[in-house]
Amino acid sequence: MKKIPHTFTIVFFLILIAAVLTWFVPGGAFLRETVEVQNADGSLSTREVVQSDSFHYVDSTPQTWQVFSSLFNGFCDKADIIVFILMVGGAFWILNNSHAIDVGVMAFLRKVQKLNRYAFFKKLGVENIIITLVMIMFSIFGAVFGMSEETLAFVVIFVPLAISMGYDSIVGLCMCYGAAHVGFAGAILNPFTIGIAQGIAELPIFSGLEYRLFCWLVFTVVAIAFVLIYAARVKRHPEKSPVYAIDDYWRSRAEEQNASEVVYSSPLVAWIVYGVISVVLVVVAVKMPTTTIAVGSSSSEMVILPVLAGLFILSAFFMLRKSVHFFILDLLLFTIAYLVVGVLGYGWYVMEIASLFFAMGLLSGIADSQSADSLAKLFLAGCKDILSAALVVGLASGIIFILRDGQVIDTILYGLTRSLAKTGEIASVGAMYGFQTLLNIIMPSGSAKAALTMPIMAQFADLIEVSRQTTVLAFQFGDGFTNMLTPTSGVLIGCLGIARIPYATWLKWAWKPIVALILLGFLLILPTLYIALPGF
């Protein structure tokens, strides 16, 4: 198999291709106007939109040395999103270093396995309950904060677990990696895909939440059903598993010692962190006792911050008595809760969300007894780990600068409009969805694709009179499912390597359910064309 080029290489060649286009594609421009649009909370904001039937040809501006300045312009234009990605990546690296998520997962599994004592749960099958609950959990992680690379740490836990329950390594991989990426595709609050795409499309961040929640639920149920059916077949006839011989490695391997290496403790510094956070939350609750939460076109005033403060003080106290790991998990849970309140109640965007996660990461590290130098090193390690994803956002944005400065981006839009508008809304949206799905095979970075495609797709949606939210949905679904097939995904190749599943074996098994999910995604996009949905 030929070596697949690096994402940076692909994007840079796209910049060169864009520059070449400016020499051959006629220059053109649409007239644009600023209009008022209604936000999810009912307030009004302005948006620049393309005027229909206003296209006219202009002198083109062929691009040459601008292929280099476009990188600088792209980095500057997307500086807020680049910094956002780095801050969140660094924060989660600190949190992951505490092993809190590992401890939480293992504690969850131990508690669920105790249900075997009850006849009702024994009849349902405790193994089925474990698979279902674990997949729901990881699907939520993927949908809420874009868990992807983090699944690498869990493959070594869930593959042996699945085999110990009579299944195979494919079931174990689906429990964590597969579920997280199904959730990633059906993103609810994923800041790396939904947050960036909606920001670029000039939509209220996380708007259209209700329908995306429904889509996530449908995807997750279908994925769980498929895995349960496959798992039951493997348990009846283990020798029919495509990885039966390969799994001899896991069947002969001694029990993993990862969980036993964790030292459970409640250090004094964690209690100090707990006290400081509690005081801050109480002060905030007193100053802002009520919050107007807007979901879709409806809004209501709630006493949400005092309730969250009280729940945190109580739950964190008992969690910290058990171990600092459970306290950090509790902190993560409430960080997500405050993120939701901030977005829906106070209009938070990337700066506020990044600051919230940054604070969570620092507080998690301090509670875990990390020194200041250690926190700095962990944060930088997290930034380094996600640096390529952050930089490729700016790199991809450079393509738009080349097309825009070359006066050809509107010509391309006009050509797309003329070729697709006559085919109808369904075909046009299907073409956008298919384009995003195929592009994801060679460019798995959701942030990069959002920066590359959303500026064009959002305006294209205006021209064919389709909601910009629909284009975000097409991007979101197209960005997710083929992550589980493409060999350009380092996460997929890494997880397969840990599970010892050959890529060809995985591809032969996985292509059918993933194609089914892709088709299901297209069917779920169609209602947005004909039904008045909140946020659409």
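For this chain, numbers begin at 1 and follow the sequence in order.
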Query raised in the report: Are the side chains of Leu331 and Ile277 in touch, meaning some heavy atoms are under 4.5 Å apart?
Result: yes
Query raised in the report: Is the shortest heavy-atom distance from the side chain of Leu496 to the side chain of Tyr177 under 4.5 Å?
Result: no
Report task. Decide yes or no on side chain to side chain contact (heavy atoms under 4.5 Å, CB included) for His325 and Tyr264, but give the supporting numbers first. Result -> CA-CA 8 Å; His325 305 91; Tyr264 294 89; 4.3 Å; yes
Report task. Just do the side chain to side chain contact (heavy atoms under 4.5 Å, CB included) check on Ile353 and Leu339 with the steps written out, would you? Result -> CA-CA 7 Å; Ile353 297 173; Leu339 181 152; 3.6 Å; yes
Requested in this report: Look only at the side chain of Gln476 and the backbone of Ala187, and say whether a donor-acceptor pair between them is shorter than 3.5 Å.
Outcome: yes
Query raised in the report: Are side-chain heavy atoms of Leu492 and Tyr503 found at a separation under 4.5 Å?
Result: yes
Requested in this report: Identify the heavy atoms of Ala354 and Val88 that sit nearest to each other, and give their distance.
Outcome: CA-CG2, 4.3 Å
**Report entry** Donor-acceptor contact below 3.5 Å, side chain Tyr433 vs main chain Ile518
**Finding:** yes
Query raised in the report: Under the 3.5 angstrom rule, does the side chain of Asp247 hit a backbone N or O of Asp168 as a donor-acceptor pair?
Result: no
Report task. State, yes or no, whether a side-chain contact exists between Trp509 and Ile501 at a heavy-atom distance under 4.5 Å. Result -> no
Report task. Starting at OG of Ser364, measure out to CG of Leu332 and round the result to the nearest 0.5 Å. Result -> 7.5 Å
Query raised in the report: Nearest 0.5 Å, what's the CG-CG distance between Leu95 and Leu362?
Result: 11.5 Å
Below 3.5 Å, can you tabulate the donor-acceptor pairs from side chains in residues 370-379 to any protein atom, sequence neighbours excluded?
unit_1, atom_1, unit_2, atom_2, d
Gln370, OE1, Ser374, OG, 2.5
Gln370, NE2, Asp368, OD2, 3.2
Ser371, OG, Ser374, N, 3.2

Query raised in the report: Side chains of Ile525 and Thr528: closer than 4.5 Å at any heavy-atom pair?
Result: yes
Query - Check against side chain to side chain contact (heavy atoms under 4.5 Å, CB included), Leu524 and Leu520 - result: CA-CA 6 Å; Leu524 288 172; Leu520 179 60; 4.2 Å; yes
Query raised in the report: Is there a side chain to side chain contact (heavy atoms under 4.5 Å, CB included) between Leu213 and Leu217 once you walk through the steps?
Result: CA-CA 6 Å; Leu213 181 61; Leu217 182 62; 5.9 Å; no
Query - Interatomic distance, Thr505 atom OG1 to Ile246 atom CD1 [nearest 0.5 angstrom] - result: 5.0 Å
Report task. Over all heavy atoms of both residues, which pair between Gly186 and Ala143 is shortest? Give the atoms and the distance, please. Result -> O-CB, 4.1 Å
Query - Under 3.5 Å: donor-acceptor pair, side chain of Ser241, backbone of Pro238 - result: no
Report summary line: Rounded to the nearest 0.5 Å, the OH atom of Tyr167 sits from the CE atom of Met175 at a distance of 9.0 Å
Query raised in the report: Would a 4.5 Å heavy-atom cut-off, applied to side chains only, mark Ile140 and Trp216 as touching?
Result: yes
Query raised in the report: Between Thr220 and Ser139, does any side-chain donor sit less than 3.5 Å from a side-chain acceptor?
Result: yes
Query raised in the report: Looking only at heavy atoms, which two atoms of Val324 and Ala367 are closest? And how far apart?
Result: CG2-O, 3.3 Å
**Report entry** Between Phe158 and Phe138, ring centroids under 6.0 Å
**Finding:** yes
Query raised in the report: With side chains defined as the heavy atoms from C-beta onward, is the minimum distance between Ser315 and Phe334 less than 4.5 Å?
Result: yes
Report task. Output the distance between atom NE2 (His181) and atom CG (Asp479), rounded to the nearest 0.5 Å. Result -> 9.5 Å
Query raised in the report: Which heavy-atom pair separates Lys235 from Met165 by the least distance, and what is that distance?
Result: NZ-O, 3.1 Å
**Report entry** Donor-acceptor contact present, side-chain Ser169 to main-chain Val159, <3.5 Å
**Finding:** no
Query raised in the report: Looking only at heavy atoms, which two atoms of Phe522 and Gly430 are closest? And how far apart?
Result: CE1-CA, 3.6 Å
Query - Under 3.5 Å: donor-acceptor pair, side chain of Trp93, backbone of Gly361 - result: no
Report summary line: Taken to the nearest 0.5 Å, the spacing of Arg500 CZ from Leu173 CG works out to 14.0 Å
Report task. Please state whether the rings of Tyr274 and Phe312 are parallel, tilted or perpendicular, taking 30° and 60° as the class boundaries. Result -> tilted
Report summary line: Between Phe358 and Met87, the two heavy atoms sitting closest are CB-CE, 3.6 Å
Query raised in the report: Can you tell if the side chain of Gln469 reaches within under 4.5 Å of the side chain of Tyr211, non-hydrogen atoms only?
Result: no
